[in-house]
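Step one of this worksheet: look at the structure below.
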Amino acid sequence: MEKAYDPKQTEEKIYNLWSKSGYFNPDKLPVSKSSKPKAQSYAILLPPPNITGSLHMGHALNATIIDILIRFKRMRGLGAVCLPGTDHAGIAAQNAVEKELKKNGVSRFDLGREKFIQAVWEWKEKYGHIILGQLKKLGLSADWSRTRFTMDPKYSEEVKKAFIHYHEKGLIYRGERVVNWCPRCQTSLSDLEIEYQEEKSHLWYLRYNLKSQISNFKYIVVATTRPETMLGDAAVAVNPQDKRYQDLIDQKVILPISPYEGSPEGRQNREIPMIADKAIDPDFGTGAVKVTPAHDLLDAEIAQRHNLPFYKIIDEKGRMTKLAGPGFEGLKALEAREKIIEELKNRNLIEKTEDYNHNVARCYRCQAKIEPIPSQQWFLKMPALAKMAEKAVRSRKTEIIPKKFEKTYFDWLKNIKDWCISRQIWWGHQLPVWQCHCQTGSNSEFRILNSELGHQELKNNFIVSLTKSVKKCPTCHSEYQQIPDVLDTWFSSALWPFAELARNDLKKFYPSAVLVTDRGIINLWVTRMIFSGLEFFSREPFAKTFIHPTVLTKEGKRMSKSLGTGVNPLDLIEIFGADATRFGIIWQMMSNQDIHWDETAVLAGKKFCNKIWNAARFVLQQNEKTKISLPAREPKPKTAADKKILKQLKTARKSTADDIENFRFGHALRTIYDFFWHQFCDVYLEKSKSQIINPKTRKTTKTILFYVLSQSLSTLHPFMPFVTEEIHQNFPSKKQKLLMIAKLN
RNA sequence: GGGCUUAUAGCUUAAUGGUAAAGCGCGUCGUUGACAUCGACGAGAGUGCAGGUUCGAUCCCUGCUAAGCCCACCA
């Protein structure tokens with residue numbers, strides 16, 4: 001053995017050794033005759049990284065935890081397996097490829113749908129597997145023979161089947177709703193897919209004249225952050241309790257700039273009603289709010305309650321529509337804003353302007369400002385599914401650890417809204433829905449009705465089918481076409497626990513033992529997997545969900561690639577080695593507090609690798625001089641020191657195992673670290689030198705040294721697999737080929 | 001606006017109802033066969049601030065301050 005441990009000489013070699021053994025696949029684990037014929041399964045799903053991703057600290061932490069659990073359970077004789085794969089990452093992947101194409105001045109529309117999708121596939125073949133290779137470098141012992149992708153043929157079929165299942169149950173409807181629209185990605189987004197960012201802006205106080213003077217009022221002042229939306233106003237609302245405005249309720253207000261031609265009323269100076277609605281906060285602004293049903297989620301709700309018309313004045317590209325009127329049509333929303341402010345100023349209709357910070361909704365994939373617009377979308381009814389999901393956790397059939405995260409889960413389910421599952425991008429699972437062109441009819445921009453197609457109407461107007469329909473349209477006799485929308489990526493991710501498991505695997509690996517993930521996707525992913533699992537298999541998809549800490553910068557800020565505050569785990573592996581990197585990550589994982597990243601922990605890991613290496617070198621050198629075989633059982637101690645170290649070993653191993661079972665990984669690692677370094681190396685190993693000189697204690701001492709080393713290695717192996725395996729390979733005994741499957745009690 | 005969490009050595013974090021421990025860093029000393037990626041010894045905090053409970057609090061409770069996270073339709 002070399003004088004110092006060199007991860008570069010070891011890691012690839014050892015990983016290949018493991019791969020060749022086949023033991024990442026639990027079906028290939030050796031079955032000893034004495035043990036039960038079929039080992040109990042212990043499965044963990046790897047949260048599938050996006051094909052666009054490259055490894056970051058979050059992945060590294062996640063994969064290290066999973067690997068510790070898998071290796072630990074495997075060594076305890078279970079059929080342990082980590083099921084890996086990647087996610088097609090709808091919007092993210094589409095954006096990545098669009099960006100790539102843009103370098104050559106090509107847009108996805110230049111290519112057309114079919115060729116664009118082809119390009120994404122090519123891109124996926126080229127880059128999609130990189131991240132899994134990076135996880136191998138970290139030592140992840142996943143069963144790569146079972147690697148899945150969310151757009152594999154079988155997976156895609158399961159996704160469509162799930163949609164059809166929901167449809168047949170009457171849980172799917174299509175409706176025109178005000179949705180979160182990303183003008184850059186050109187698609188709708190669910191509420192969970194938008195992020196808020198504070199932005200300095202203004203609050204404009206606008207005067208809307210009353211049709212006729214009432215009490216002392218000639219006009220009413222409304223406060224708004226988006227004056228341009230006034231072109232689509234349908235009412236002015238106040239709180240029903242607001243004493244100031246009691247006389248004004250149900251009176252008419254004249255919209256100072258209203259669309260001219262083509263408005264439904266066919267006249268200028270649109271009159272809009274004053275209404276009373278409980279959603280209005282009397283303390284904000286003037287307590288009077290302009291209501292723009294088509295371009296604000298809250299206003300849309302108010303409009304529904306009061307049967308107000310929806311004027312769609314902003315289109316999917318963020319430009320003003322024809323309905324906005326001449327002079328505005330075709331302008332960007334911000335340009336329209338300036339023009340409106342100028343005109344109002346000239347007409348002395350701006351009471352005042354205040355500075356105002358407010359939260360702007362942004363797309364979680366491209367950061368463009370979200371534009372709420374009315375749009376035809378497909379929805380999944382959530383109340384029944386939410387109830388099921390809630391019950392599963394309340395009844396402890398599936399458990400969220402730490403418990404505090406249950407709140408995130410329950411809160412979301414309590415305020416659940418129907419899930420907008422259709423997206424207008426091209427990369428993803430196209431809805432298994434066919435429609436005839438003659439029915440496609442364009443949306444009327446003039447007056448949007450809050451239409452909803454329920455189950456029966458859907459059946460009449462669309463064909464929902466797994467395969468292409470051959471039916472001809474009864475009206476025009478042409479063929480039905482598949483509608484262009486694709487499903488929300490998270491709709492397919494929700495099926496991950498079962499969607500591509502072979503039938504045999506399904507029996508073995510569903511439900512899985514534990515889901516290990518980040519708190520950021522509790523509702524986006526975990527909750528949806530739980531209700532999907534219950535819906536399709538009547539069983540929770542995993543017994544436990546372990547929410548691990550988030551890795552933050554040393555200052556406690558979010559790591560961000562764009563700010564350059566991210567730490568690349570691959571750099572750490574390159575400098576310190578994979579074991580040291582894993583050590584450094586886990587070392588910092590105490591009490592489930594977020595980690596304020598400290599690289600010196602990785603340095604400590606590197607030093608520890610070397611310490612283990614050299615202690616092993618000493619022990620094995622003793623072994624060269626006198627052939628000592630590894631005792632199967634605890635050797636009999638002869639001295640007080642012997643007795644003490646054996647006791648300490650036992651205590652440390654027990655404590656470490658308990659900690660792993662309870663997800664206290666940092667504590668587990670410190671326990672075994674302290675034992676190995678301070679009790680074994682500092683004390684016993686030094687003491688052994690004199691005991692070896694004495695012929696009376698020579699043999700037992702060497703035996704105990706070997707025994708304690710071997711037991712320490714197996715305890716350490718889940719945390720630091722490479723160095724421990726490498727040392728194990730240097731053992732003289734050929735009895736046990738791989739430490740990876742050595743028995744750990 | 002609501003909720004959650006945290007505050008301990010220079011830094012990142014442990015621990016305990018009876019005055020605190022580790023890693024990294026720092027200082028002094030030490031290279032005769034496990035390891036200088038090491039060893040020995042040492043300096044360094046009285047546990048954010050203010051109250052309360054208690055014989056006694058860093059640990060329990062309340063308030064404050066600061067930071068972070070999540071949720072929310074305040075225009």
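Every value quoted in this text rests on a predicted model; they were computed, and no experiment measured them. Reminder, nothing fancy here: chain letters follow the sequence lines and each chain counts from 1.
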Fill in the blank from the handout: From CZ of A:R670 across to P of B:A22 the rounded distance in Å is 12 Å
Practice task
For the pair A:N610 (side chain) and A:Y5 (backbone), establish whether a donor and an acceptor sit closer than 3.5 Å, ignoring hydrogens and angles.
Solution key: yes
Handout entry: A:N662 (side chain) donor-acceptor with A:R664 (main chain) under 3.5 angstrom
Key = no
Exercise for the section: Kindly indicate, with the supporting measurements, whether the criterion side chain to side chain donor-acceptor pair (under 3.5 Å) is fulfilled by A:R653 and A:T715. Expected result: CA-CA 7 Å; A:R653 279 169 61 93; A:T715 310; 2.9 Å; yes
Exercise for the section: Using the C1' atom on both, measure B:G23 against B:U19 and round to a whole Å. Expected result: 24 Å
Exercise for the section: Provide the distance between the two P atoms, one in B:U53 and one in B:A15, to the nearest whole Å. Expected result: 29 Å
Exercise for the section: Determine the interatomic distance between C1' on B:A75 and the same-named atom on B:G3; round to the nearest Å. Expected result: 24 Å
Problem - Residue mapping more 5' on RNA chain B - nearest nucleotide basis, A:N592 or A:L685 - result: A:N592
Handout entry: Pair A:F583 and A:F576, ring centroids less than 6.0 Å apart
Key = no
Problem - Sidechain-backbone polar pair: A:N62 side chain, A:V516 backbone, donor-acceptor under 3.5 Å - result: yes
Handout entry: Pair of N/O donor and acceptor under 3.5 Å linking B:A34 base with A:E686 side chain
Key = yes
Problem - Nucleotide B:C24, atom C1' - distance to CZ of A:F583 in whole Å - result: 11 Å
Exercise for the section: Quick one: look up who B:U65 pairs with, Watson-Crick or G-U, both distances under 3.5 Å, and put none if it's unpaired. Expected result: B:A7
Practice task
Indicate whether OP1 or OP2 belonging to B:G25 is found under 4.0 Å from a side-chain N or O atom of A:T600.
Solution key: no
Problem - Donor-acceptor under 3.5 Å (A:D277 side chain, A:I302 main chain) - result: no
Handout entry: Rounded interatomic separation in angstrom, taking CD1 from A:I586 and P from B:U12
Key = 20 Å
Problem - Inter-nucleotide C1' distance (B:A9, B:G42), Å rounded - result: 14 Å
Problem - Distance between C1' atoms of B:A14 and B:A50 (Å, rounded) - result: 27 Å
Practice task
Please state how far atom CD1 in A:I672 lies from atom P in B:G23, giving the value in whole angstrom units.
Solution key: 16 Å
Practice task
Under 4.0 Å between any heavy atoms, over every strand shown, what does A:F405 touch: base, sugar-phosphate, or nothing? Just pick one.
Solution key: nothing
Exercise for the section: Take atom P in B:U13 and the same atom in B:G68, then report the distance between them in whole Å. Expected result: 14 Å
Practice task
Would you classify A:S591 as touching base, sugar-phosphate or nothing, given that sugar-phosphate means primed atoms plus P, OP1 and OP2, and contacts are heavy atoms under 4.0 Å?
Solution key: sugar-phosphate
Problem - Whole-Å gap separating P (B:C24) and CD (A:Q588) - result: 13 Å
Exercise for the section: For nucleotides 68-75 of chain B, just jot down a letter per nucleotide in 5' to 3' order: B, S or -, based on protein non-hydrogen atoms under 4.0 Å. Expected result: SSS-BBBB
Handout entry: Syn/anti state of B:G46 by chi, 90° boundary around 0
Key = syn
Practice task
Using whole Å, report how far CG of A:D674 lies from C1' of B:U13.
Solution key: 13 Å
Exercise for the section: Rounded to the nearest angstrom, tell me the gap between atom CG in A:N623 and atom C1' in B:A34. Expected result: 14 Å
Completion exercise
The nucleotide from B:C4, B:A34, B:G23 with an atom nearest the side chain of A:K404 is B:C4
Fill in the blank from the handout: The single option from A:L620, A:I704, A:N623 that satisfies side-chain contact (heavy atoms from CB on, under 4.5 Å) with A:I628 is A:N623
Handout entry: Under 4.0 Å protein heavy-atom contact, by nucleotide of nucleotides 37-44 of chain B - B base, S sugar-phosphate only
Key = BSS-----
Handout entry: Along RNA chain B (nearest heavy atom to each residue), the more 5'-positioned of A:F618 and A:K554
Key = A:K554
Problem - Interatomic distance, A:Q593 CD vs B:A67 P [rounded to whole Å] - result: 18 Å
Practice task
Check whether any side-chain N or O of A:H596 sits under 4.0 Å from OP1 or OP2 of B:U13, and answer yes or no.
Solution key: yes
Exercise for the section: Considering only atom C1', compute the distance from B:C41 to B:A66 and round it to an integer number of Å. Expected result: 39 Å
Exercise for the section: Measure from the side-chain N and O atoms of A:E725 to the backbone N and O of A:L739, and report whether any donor-acceptor pair falls under 3.5 Å. Expected result: yes
Handout entry: Close side-chain approach of A:P549 and A:Q588, heavy atoms under 4.5 Å
Key = no
Exercise for the section: Using Watson-Crick or G-U wobble geometry with both distances below 3.5 Å, tell me the partner of B:U37, or none. Expected result: none
Handout entry: Pair A:R362 + A:E195, salt bridge at N-O below 4.0 Å
Key = no
Problem - From CA spacing to verdict: side chain to side chain donor-acceptor pair (under 3.5 Å), A:S591, A:Q593 - result: CA-CA 5 Å; A:S591 310; A:Q593 291 308 315; 5.7 Å; no
Practice task
Would you indicate what A:W587 reaches in the nucleic acid, counting non-hydrogen atoms under 4.0 angstrom: base, sugar-phosphate, or nothing?
Solution key: sugar-phosphate
Completion exercise
Taking B:U6, B:U12, B:A34 as options, the one with an atom nearest any side-chain atom of A:A615 is B:A34
